[in-house]
Amino acid sequence: MKIVVLIKRVPDTASVFQINDAQDGIDTSRLKFVMGPYDEHAVQEAVNLKVAKDGEIVVVTLGGPDAKDKLLTALAMGADRAVLITGDGVDSLGHRGIAEALAAIVREESADIVFAGKQAVDDDGSQIPERIAEILGWSHASVITRFSLDGATATVDREIEGGQLTLEVPLPAIFTTEKGINKPAYPKLPNIMKAKKKPMDETSLESLRLSATDLCNKVSIGQMSLPRQERLTRILEGDNNTQVAELVRILKEDEKAL
Amino acid sequence: MAEIFVSMRNLNFLLYEVLNTESLCTLPYFSDHDRDIFDMILETGLALASEELYPALASMDKKAPVLESGSVRVSPVVRELLQACGEGGWIGAGASFQHGGQQLPDTLLSAVRLILGAANYSASVYPVLSTGAAQLICSFGSQELIDAYVPNMFAGLWQGTMAMTEPHAGSSLTDLKTRATPTKRGYYLLAGQKIFISCGEHDGVENVVNLMLARIEGAPAGVKGISLFVVPKLRPTTGSGLEPNDVVCTGIYHKLGYRGAPITQLEMGEHSDCRAWLVGEENHGLRYMFQMMNEARVGVGLGATAIATAAYYASLEYTKERHQGRPIMAKEPTAPQVPIIEHADVKRMLLFQRAVVEGSLSLIMYCSKLIDQVHAGPEEGRERHALLLDFLTPIAKTYPSEMGILAVSTGLQCLGGYGYCDEFPLEQYYRDARIHPIHEGTTGIQGMDLLGRKVTMKNGAAFKLFLGKVQQSIENAKKHEALQAECTQLSDALVQLQNVTGELLNLAAAGKTDLFLADATLYLEYVGIITMAWQWLLQATVAEAALANCDDEADKNFYLGKRTTCHYFFRYELPKCSALATRLLQTDGLTVKMDVGLFED
């Protein structure tokens, strides 16, 4: 069985975020990057499945050379091989382009199962695995909290509002993982040391026969700003009438709440 | 709870910028490793600390271990932690591949231990104790002993301990009474009592393996008649089972702090069936134990630094958030209050903590690198590194332990009344920190070790090596404008240190050993401050070089922070040496001569 796991290198949400000078993105220079927290569950589920049913785990991501350290982490967690899609045009891809590139790898690997985190925690797009399923014409179940496999059919639970849904999904299929499906194990020291000896291949959009120009992001960010976090307490002065008048003015003009 | 308990930026600075830890990977013993592996290990250690240990900090303090029918119930976190550390390979991480370890450098593992200790000191002690005890068996035990005990200790299934102290033999190990009687069956029968044994019994593991000092019947009196034994709580049977070994936990101590780890009292041989297996040769036990003890003493300094580190970040966070008062020069009484970190005296308190915490850590990591060089460095440098390590060990144990308490106290002070309450972790840190000047050799013992042994050993070779290293650091720092005054100050301090040491050695040469050692603790404090000044100069030199080519604002702040803290240490702490030198040169023997009767009312 071939299991592909899709991961993303994302800023640690505990970081202090700042907007870049162009105000169209975050300043990444001082951020600590981690593997997407939901992706860790995806890797762990693949490792659990491998332990139970055997097979090979290929972990895949897309990005610059910095992304290698997170692939290394996935290898230390138990993945067997890693693939990095990198090089010209990768940074300019939109969601569609990223999905096409990852789908090409899934196809090339002849995967039976794909696991991915339910969402990345940077842009919260929550659409790449779904787009890949669509591109490949595969079954798909998102936000799963339990996974089991019997032959070529997976049974999964997914949380829904006020209840739980149990689905039977024929393979090949893509699953996105929710917290609670497992507890990611800490990489073991022997596995950390072995990780660097495991194969890590690099490929490019060109090698995958994809056009960066065709797949580049068509959406541009107008402006990015941080949520207001300053203390908003104001003490209104004067008699009651003055205070009420000032309060109404603030609600109407400053806060536009009326 | 504070959000941060350790600074990875500072650890990386020490590991890679000051100590060039990657260079250890050029040594054959460490050649399987590289920076990527080190970084992943640090990241995993931080995750383990943040997700498992730190959340249990307060609960392990509030629900201390309980002794019930001979068994000590500890927090469930302990079993989970030991299991995670065992499965993850953390307990045997520094051991050789041959013994099932990962041959990782102590320099890196010290950084990991700092992270774990800062998150939860009590919890971090359990795996570290097993590491030390197992390594002792690996170093001196027979292959049979290694096979029988080490794999389960490294796996986190069996707890390792060091069992030395007895009710009448604490600092004075020469008076040990636990007795070992030889048998013809390959083991000894042990009888006696041990006290203050950390983790000597608990339900987080299947078994406890005590590395215990005892006296074989007929052995010479004093320290030359002490042997080392493996004394398990449950002994392996001929099959794969375990059976009781007549070791009983008769009590646990209710402590001021460090409450998450049980300190036990053990009774051996009540039914004349406590079997003990000799480690190495008869009567060499103390020498074996002290090989581990020296590294354990650096480990105590590390533990003290870890707690003070967590306290520093908790108080730093609070001072940024707490608004009180206005700038002294501000005239407007209705102006908004400022965060208390804006006040000069609060900055002083934070600088004091930072100076102690980061200076201590720098020394500990320096010692850890010496440990690596002694174990695995080129043959020709090993003796030199061992000598310097010997000299620095009592300082690395004591300065962080004694000053760590003051640093935590200052951190608590930053929080005012809240610091005194258990809603914030400072009061726990304050209690937890108090153990360190006591265990693994009290401060008094360390003082006598430094002045009575380390300064004089090999005709003062270790002392000269230390002076040379400090002098070399001064020469390196001289090229930086911002450190000129510090270079002069430290040079002067070195001259004074040699004068003071010379005067004291004259007393020793004249046979006045009592006067020579009367103020050994003060001498240790004195050398400790000079050693810290040296470590701060080392750090500041690296920071100055980095500042010359630094564009990044955050990095610039970090390096300028290092420079300012170095200046702080030299202007606020180093001058204290003058007072100590004055007293040390008086050599009037006030404490020696004082009649104990004068303490009556």
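Reminder, nothing fancy here: chain letters follow the sequence lines and each chain counts from 1.
Around CG of A:D88, the count of heavy atoms belonging to other residues, nucleotides or ligands within 6.0 Å does not exceed 12. Within 6.0 Å of atom CG in A:D254, more than 12 heavy atoms from other residues, nucleotides or ligands are found, so the atom counts as buried in its surroundings. Surrounding NZ of A:K118 are more than 12 heavy atoms belonging to other residues, nucleotides or ligands, all under 6.0 Å away. Other residues, nucleotides and ligands contribute only 12 or fewer heavy atoms inside 6.0 Å of the OH atom of B:Y418. Crowding of A:L208 atom CG: a count of heavy atoms from other residues, nucleotides or ligands under 6.0 Å exceeding 12. Within 6.0 Å of atom NZ in A:K252, 12 or fewer heavy atoms from other residues, nucleotides or ligands are found, so the atom counts as exposed in its surroundings.
The contact between A:K32 and chain B is made entirely by side chain atoms (from C-beta outward), counting heavy-atom distances below 4.5 Å. Neither the backbone nor the side chain of A:A185 comes within contact range of chain B, judged by heavy atoms closer than 4.5 Å. Within the 4.5 angstrom heavy-atom criterion, no atom of A:K194 approaches chain B. With a threshold of 4.5 angstrom between heavy atoms, B:F97 approaches chain A through side-chain atoms but not through N, CA, C or O. Only the side chain of B:D34 comes within contact range of chain A, judged by heavy atoms closer than 4.5 Å. Within the 4.5 angstrom heavy-atom criterion, no atom of B:D555 approaches chain A.
Among all heavy-atom pairs drawn from A:P190 and B:G88, the shortest one is CD-O, 3.7 Å. The shortest non-hydrogen separation linking A:L189 to B:G89 is CD1-O, 3.2 Å.
Between chain A and the residues B:E553, B:E43, B:E52, B:E87, the largest count of heavy-atom pairs under 4.5 Å involves B:E52.
To the nearest 0.5 Å, atom CD1 of residue B:I41 and atom CD1 of residue A:I192 are 5.0 Å apart. In this structure, CD in B:Q103 is found 7.5 Å from CE in A:M193, a value given to the nearest 0.5 Å. For the atom pair CE of B:M40 and CG of A:L72, the computed distance is 3.5 Å after rounding to the nearest 0.5 Å. Atoms NZ and CG, on A:K196 and B:D36 in that order, are 3.5 Å from each other to the nearest 0.5 Å.
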Evaluate the criterion side-chain contact (heavy atoms from CB on, under 4.5 Å) for residue pair B:D32 and A:K197; output intermediate values, then yes/no.
CA-CA 10 Å; B:D32 277 36; A:K197 293 173 183 159; 4.0 Å; yes
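Between B:E51 and A:Y186, the closest side-chain pair of non-hydrogen atoms falls below 4.5 Å.
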